[in-house]
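Both counts, for ligands and for their atoms, begin at 1 and track the order of listing. Given the structure is predicted, the values throughout are model-derived calculations rather than measurements.
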Amino acid sequence: MKIPMANRLAPLSTGIFAELAAEKRRLLKAGRDVIDLSVGSPDLPPPPLILDKMATYVANPDLYSYSISGIEAFQHAAASFYQARYGVSLDPQSEVLQLAGTQEGLSHLPLAMLNEGDVALVPNPGYPIYETSVRLAGATPYSLPLREERNFLPDFDAIPGDILERTKLMILNYPGNPVTALADRSFFEEVVTFARRHHIFVVHDFAYSELVFDGIRPISFLAVPGAKEVGVEFNSLSKTFNMAGCRVGYICGNAEGIARLSMLKSHMDFGNFLPIQWAAVDALTAPSEVFEAQLSEYVKRRDALRDGLAEAGWTIPTTRATMFVWARIPAAVSSREFAFSLLREAGVACTPGDAFGSEGEGYVRMALVHPVEKLQEAAHRVSRFLESTVERTTSYSEPR
Ligand SMILES: Cc1ncc(COP(=O)(O)O)c(C=O)c1O
């Protein structure tokens with residue numbers, strides 16, 4: 001029997017992530033040890049307070065019904081978190097909507113806002129769902145190249161006029177994945193001016209809002225005057241509270257945009273598991289030390305990997321935010337070739353930059369999802385790999 005497939009699936013590819021996962025599985029099956037730096041899933045536990053609360057809620061038989069939508073207490077908790085952390089006032093009723101993780105909201109929002117023929121600006125390199133969700137909505141993604149020479153901020157002046165005329169939406173992500181850059185207030189002000197001038201709805205993904213190091217304070221897009229008029233921000237409990245598997249996040253900001261997504265969601269889901277929603281309320285209203293405690297661990301990991309790789313002759317930047325390192329590859333091969341050779345020969349998995357778009361070529365992403373000792377071991381393996389690569393390259397280039 002021929003199984004039908006919707007045309008809208010055609011532009012979606014499983015691509016490089018699936019290939020990488022298959023290669024990892026093959027190596028593990030063959031008894032090889034792999035240090036996996038390719039997946040951004042936090043290995044740290046949720047704060048003990050959340051584990052305790054969750055256990056209590058899960059034992060309560062009254063919390064097993066449909067919730068239909070997010071509970072009001074969550075909306076209030078998210079609003080008070082935004083006030084306390086970013087100085088942003090939100091109306092809990094109309095300016096906060098709970099999601100089953102930001103991934104869910106990011107995948108659905110374009111369906112609620114875009115039509116065929118519309119254009120959406122997406123970062124390149126960028127987190128894959130941005131482009132995918134625009135395509136699923138039948139609209140056309142247009143790449144905003146993020147380049148080192150511009151501190152990985154897009155150049156709005158470089159967008160052609162005919163594209164701007166069709167552009168309805170723009171997705172941004174600071175601190176970003178895979179590019180770990182931060183945006184400052186003046187950039188967000190420029191975004192608001194640009195969005196107003198061209199009637200573009202801004203979607204800012206702030207999933208890494210609390211993984212910002214070295215005393216730097218995260219800046220919410222919504223903290224800039226006028227931002228709420230032109231856009232929304234996604235935030236998540238996945239990384240701040242290591243609750244990734246709980247699937248809980250939220251969108252906040254522009255009430256009209258949120259109403260569109262809320263309307264779509266009312267047809268698509270029945271709300272999150274209530275114990276998770278209540279534990280999320282506890283998380284968002286906990287003192288900041290509860291989630292800031294993990295920052296020093298990320299800094300130690302970042303420094304261990306950076307210093308270990310520096311000894312191997314590979315200088316990588318000091319990541320100021322997120323759980324990733326975005327680094328230029330130290331060899332004259334493609335990102336993909338580099339990542340697959342490193343995996344096969346050294347047992348270290350990282351993600352080739354082109355998995356996040358054409359502008360990622362020449363880079364790899366490494367996730368800080370292992371303790372310091374494991375990252376040091378990864379750096380040793382990379383060191384041996386680089387030495388053998390140099391030897392091989394030298395012997396290949398010798399006349400025979
Ligand atoms: C930039 C970015 N946005 C959104 C997400 C999705 O996060 P969640 O759906 O767990 O909130 C991720 C996950 O890694 C991410 O890296």
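Listed by first and then second residue, the ring pair (Phe, Tyr, Trp, His ring centres under 6.0 Å) pairs that reach into residues 99-120 come to none, sequence neighbours excluded.
In this structure, Arg381 does not pair ionically with Glu345, as no charged nitrogen and carboxylate oxygen lie closer than 4.0 Å.
Relative to the six-membered ring of Phe213, Arg320 misses at least one condition, a distance below 6.0 Å or an angle of at most 45° to the axis.
Taking the six-membered ring where the residue is Trp, the centroids of Tyr66 and Phe273 are separated by 6.0 Å or more. For Tyr174 and Phe152, the distance between ring centers is not under 6.0 angstrom.
Between the Arg147 side chain and the Arg150 main chain, no donor and acceptor come within less than 3.5 Å of each other.
Pocket lining of ligand 1, defined as residues with a non-hydrogen atom under 4.0 Å away: Gly101, Thr102, Gln103, Leu106, Tyr127, Tyr130, Asn173, Asn177, Asp205, Ala207, Tyr208, Ser236, Ser238, Lys239, Arg247.
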